[in-house]
Amino acid sequence: MPELPEVETVMTGLKPALEKHRFTHVETRRKDLRIPFPKDFAKRLNGRKVIKLWRRAKYIMADLDDGETLVIHLGMSGRMAVFARSKSQKLGQFHYDAVPAEPEKHDHVIFDTDAPARITFNDHRRFGLMTLIDTDKIEQHKLFKDIGVEPLSGDFDAAFLKAALKGKKTPIKSALLDQRLIAGLGNIYVCEALWRAQISPKRRASRVKPGEIAPLVKAIKEVLQEAVKAGGSTLRDHKQVHGELGYFQHHFAVYGREKKLCQRADDGIIKRIVQSGRSSFYCPVCQR
DNA sequence: AGGTCAACCTGAGCGC
DNA sequence: TGCGCTCAGGTTGACC
């Protein structure tokens, strides 16, 4: 489900409940997600304080006060919700619901913190994961060693993309989805960025012309920034941590709009094709 | 080495 | 109401 903007939204929403707060109780309600929880996962978190919350690619990172980092991936359907345990029901500037009496179906992990708050991790498809790794070894860790550039950072520019696409025979759609090149793009935002840059998802990556590289970089950055500002896109699963929906889905130009009129080309009808098992939406008239 | 594809899992929506 | 099929924001490992 979540791509960079959704993960960023969730991470930011967790801050009032998590950053500079201590875990008072952690509970796992099954033995694994996509991968098993590390040994003594809940026990190791208990009593730990979160120094800093941040995001890398589609991962939420929580640096702890003992030199470990809690790593969370939401997979396709992962959700996190924050509930207030204080009487005022307020945490920072947001209003949160009170802790429900019973956990919901597929609530796999429950974190209580001294905010005081309860954070639940719900993931019905269980493609998500949680693990603990040494903070000073994140870059070398299996999950992160091959992860590419952050698309909203200064390192992602035309020179970088030009070099990354050079000689690539794979379609541009697949190249942009490759987390080893760019970290955090997913199916929605790649479709949207290619539409903005007027490039067909079927085009060979190496055939993106020099003059199209900078506009494509700009399109990627803009679509991600706008989506972050909108709190991400809610299709079925994504919610912000206090239950509010994201609303960038109302700004989709092509994603999920098969057979609808393209807003740029008068005679363009949005088409859906399948590329490496995923739907691509594009306008065959204005994207070449 | 580079590229493609099925598998992992549950649920929602649709046609019949 | 129910069955069977398709599809879903991601990642990985096996295969050509």
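By convention in this document, chain letters (A, B, ...) are assigned in the order of the sequence lines, proteins followed by strands, and residues within each chain are numbered from 1.
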When all nucleic acid strands are considered with a 4.0 Å heavy-atom cut-off, which category describes [X]: base, sugar-phosphate, or nothing?
X        : value
A:Gly186 : sugar-phosphate
A:Arg272 : sugar-phosphate
A:Lys142 : nothing

Please state how far atom [atom1] in [X] lies from atom [atom2] in [N], giving the value in whole angstrom units.
X        : N      : atom1 : atom2 : value
A:Arg126 : C:dT11 : CZ    : C1'   : 16 Å
A:Asp146 : B:dA1  : CG    : C1'   : 14 Å
A:His124 : C:dC7  : NE2   : C1'   : 12 Å
A:Asp123 : C:dA8  : CG    : P     : 18 Å
A:Arg180 : C:dT12 : CZ    : P     : 10 Å
A:Ile147 : C:dG10 : CD1   : P     : 13 Å
A:Asn122 : B:dT10 : CG    : C1'   : 11 Å
A:Asn187 : C:dT11 : CG    : P     : 11 Å

4.5 Å side-chain heavy-atom contact, A:Arg288 and A:Ile199
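No, their side chains stay 4.5 Å or more apart.
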
Side chain of [X], heavy atoms from C-beta onward: which of [options] has the nearest atom to it?
X        : options               : value
A:Lys58  : B:dC9, C:dG10, C:dT12 : C:dG10
A:Arg125 : C:dA8, B:dG11, B:dG3  : C:dA8
A:Pro171 : B:dT4, B:dG11, C:dT12 : B:dT4

Among A:Arg22, A:Lys49, A:Lys52, find the one that has a salt bridge (charged side-chain N to carboxylate O under 4.0 Å, His left out) with A:Asp65.
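Of the listed residues A:Arg22, A:Lys49, A:Lys52, the salt bridge (charged side-chain N to carboxylate O under 4.0 Å, His left out) partner of A:Asp65 is A:Arg22.
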
Can you tell me if [X] touches the phosphate of [N], counting only side-chain N or O atoms and a distance under 4.0 Å to OP1 or OP2?
X        : N      : answer
A:Lys169 : B:dG2  : no
A:Lys168 : B:dG2  : no
A:Arg34  : B:dA7  : no
A:His106 : B:dG11 : yes
A:Thr170 : B:dT4  : yes
A:Arg278 : C:dA8  : no
A:Ser77  : C:dA8  : no

Between A:Phe281 and A:Phe252, is the ring centre distance below 6.0 Å?
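Judged by ring-centre distance (under 6.0 Å), A:Phe281 and A:Phe252 do not meet the cut-off.
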
Please report the interatomic distance CZ(A:Arg125) to CG(A:Leu33), rounded to the nearest 0.5 Å.
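It is 14.5 Å, given to the nearest 0.5 Å.
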
Under the criteria of a ring-centre distance below 5.5 Å and an interplanar angle below 30°, is A:Phe127 stacked with the base of B:dC8?
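Yes; by the centre-distance and plane-angle rule, A:Phe127 counts as stacking on B:dC8.
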
Considering heavy-atom distances to DNA chain C, does A:Tyr255 or A:Leu143 have its closest nucleotide positioned more toward the 5' end?
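Nearer the 5' end of the strand: A:Tyr255.
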
